[in-house]
Amino acid sequence: MKTICTIKKLIAISLFFLMSLNSNSLFCQILSVPETSNFFEYLEHFTESKRYSDLDTTEGGSKAQVERLLSYWGSRLHPHGDFSIANNAIIDYALNYNHVNSTVNPNWTCVGPSNTPSNNQNRGVGQIHRISFDPFYGISNNTVYASTGYGGLWRSQDNGENWENVNTDLLPIASVSDVAICPTNNQVLFISTGNPDGGVELAYGPNWSNINPVFTIGIYRSIDYGNTWHTINNGLLDEFITNGGTIRKIEVDKLNPNILVAATSNGIYMTSNALATTPIWTNVFSGLTGSDKDFSTLSLTLVYFLA
């Protein structure tokens, strides 16, 4: 159990620092960096570019970013600088992950921060990426969901007064980018994994080295209100294994709960049998390359039209 916890913590820490450069042509032109550049080659170009300043000593400044990258990844990626190896290791870990319940029952006490940020004096409780409402909200319940990049999925059944974690700590990574609730049965939940909103000028490649969102390990489904979760990634993760990437938005068709669509950094994926035992995913568009396949949101109407 200790080994599993250690590996899980290492993966969580590693994911926090995984980086990606922007593969769109404009960014490559600015830095004059081939898309095949490795981690060390990109950092060299970056520190010689106008985007880097050795005088920028702020916490989130370019100098601090480079120092953090080198401190964490320098020795781990030496001498090859190939991030695709890390991508493959993360996906392999998730695919072979088996949760083991611990017999340890520590007595934890929250020491904060637990209040709303105000004038930068209080840091709050972490970043929330999505707020979603139960399809029967305001009719038969007051249930609200919050998707967080590092704390998993949270649910309030009393209009936000009290919150509970929806057992996403049982997953290989506790990073949830979005949640979709079946419109005809709110016991059925879908979550996409990964941190969708971190970093800047995002598109993905195995060696891109800006601050990177947590890479996705796919989509999970619960049929028992979040008590248990199971992967439904048939046809979804193939490209992510090599290039990394994330899922930013998922949406279920309100008229047909078997239709589930995902906007990702590797295109838009759709399944037409989301409630089946083994849903099958297909990439809606073909022929897209570079930043053209990097989607941040979606419209089901538009997806149907273009598909």
Side-chain angles (χ1 to χ4, degrees), residues 91 94-95 129-141 143-147 152-153 155 166-168 171 175-197 204 213 215-241 245-288 292-307:
I91 296 294
L95 293 177
H129 297 293
R130 306 286 185 268
I131 294 291
S132 307
F133 295 87
D134 186 283
F136 303 102
Y137 176 84
I139 301 173
S140 59
N141 65 59
T143 302
V144 185
Y145 289 89
S147 305
L153 180 68
R155 176 172 58 212
V166 194
N167 294 313
T168 46
L171 305 185
S175 182
V176 173
S177 58
D178 200 9
V179 59
I181 304 99
C182 177
T184 57
N185 180 3
N186 63 0
Q187 300 294 301
V188 179
L189 311 173
F190 303 92
I191 57 172
S192 53
T193 58
N195 184 350
D197 298 328
Y204 293 81
F215 288 155
T216 186
I217 57 171
I219 291 177
Y220 284 73
R221 179 182 64 192
S222 173
I223 60 174
D224 55 11
Y225 205 50
N227 289 315
T228 58
W229 296 95
H230 305 280
T231 57
I232 51 169
N233 293 324
N234 192 350
L236 179 64
L237 282 179
D238 293 348
E239 188 169 356
F240 292 92
I241 290 176
T246 194
I247 300 173
R248 297 197 179 93
K249 177 69 178 175
I250 57 175
E251 187 171 337
V252 62
D253 192 325
K254 292 180 176 58
L255 300 179
N256 183 356
N258 266 301
I259 302 294
L260 184 65
V261 184
T264 84
S265 57
N266 288 323
I268 290 182
Y269 287 79
M270 181 169 67
T271 178
S272 58
N273 59 344
L275 301 179
T277 302
T278 306
I280 299 175
W281 292 89
T282 56
N283 198 320
V284 173
F285 305 122
S286 60
L288 299 180
D292 288 339
K293 63 181 181 180
D294 191 356
F295 290 83
S296 60
T297 189
L298 56 87
S299 165
L300 275 174
T301 302
L302 184 60
V303 168
Y304 288 152
F305 176 76
L306 293 175

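For the numbers below, each heavy atom of this structure counts, side chains included, while hydrogens, waters and symmetry mates do not.
- Taking NE2 of H230 as the start and OG1 of T277 as the end, the distance is 11.0 Å to the nearest 0.5 Å.
- Using a 4.5 Å heavy-atom cutoff, the side chains of Y137 and V144 are in contact.
- Minimum heavy-atom separation, A276 to N258: N-OD1, 4.2 Å.
- Put simply, the side chain of I219 reaches to within 4.5 Å of the side chain of I250, judged on heavy atoms.
- Of the inter-residue distances, the one linking T271 atom OG1 with I232 atom CD1 reads 7.0 Å to the nearest 0.5 angstrom.
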Using the rule given for side-chain contact (heavy atoms from CB on, under 4.5 Å), can you reason through N185 versus Y225, listing the C-alpha separation, both sets of side-chain angles and the distance that settles it, and then say yes or no? CA-CA 10 Å; N185 180 3; Y225 205 50; over 6 Å; no
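- A donor-acceptor contact shorter than 3.5 Å is absent between the side chain of D178 and the backbone of S192.
- With values rounded to the nearest 0.5 angstrom, I217 atom CD1 is found 12.5 Å from F240 atom CZ.
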Trace of the side-chain contact (heavy atoms from CB on, under 4.5 Å) decision for Q187 with I223: CA-CA 6 Å; Q187 300 294 301; I223 60 174; over 6 Å; no
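- Atom OG in S132 sits 11.5 Å away from atom CD1 in I191 (nearest 0.5 Å).
- In this structure, CG on L189 lies 10.5 Å from CG on N167, to the nearest 0.5 angstrom.
- Closest heavy-atom contact between F136 and D134: N-OD1, 2.7 Å.
- When every heavy atom of P183 is checked against every heavy atom of P257, the shortest pair comes out as CD-CB, 3.8 Å.
- Within the 4.5 Å cutoff, no side-chain heavy atoms of Y145 are placed close to those of R130.
- Closest non-hydrogen pair, N195 versus H129, comes out as OD1-NE2, 2.9 Å.
- With a 4.5 Å cut-off on side-chain heavy atoms, L260 and W281 count as touching.
- No side-chain heavy atom of V176 sits under 4.5 Å from any side-chain heavy atom of V166.
- Listed here is the closest heavy atom pair of T228 and S222: O-OG, 2.9 Å.
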Pair F190-V179, side-chain contact (heavy atoms from CB on, under 4.5 Å): steps then yes or no: CA-CA 6 Å; F190 303 92; V179 59; over 6 Å; no
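- Listed for the T264 side chain is no donor-acceptor partner under 3.5 Å among the backbone atoms of I247.
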Under the side-chain contact (heavy atoms from CB on, under 4.5 Å) criterion, do L153 and W229 qualify, and how do the steps go? CA-CA 12 Å; L153 180 68; W229 296 95; 4.2 Å; yes
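- Of the possible donor and acceptor atoms, none in the side chain of R248 sits under 3.5 Å from a partner among the backbone N and O of A262.
- Of the candidates T193, T246, N233, T193 is the only one forming a side-chain hydrogen bond (donor to acceptor under 3.5 Å, both in side chains) with T216.
- Taking CG from L237 and CZ from F215, the interatomic distance works out to 13.0 Å, rounded to the nearest 0.5 Å.
- Under the 4.5 Å side-chain criterion, counting only non-hydrogen atoms from C-beta, I268 is in contact with V261.
- Side-chain atoms of N227 come within 3.5 Å of backbone N or O of D224 as a donor-acceptor pair.
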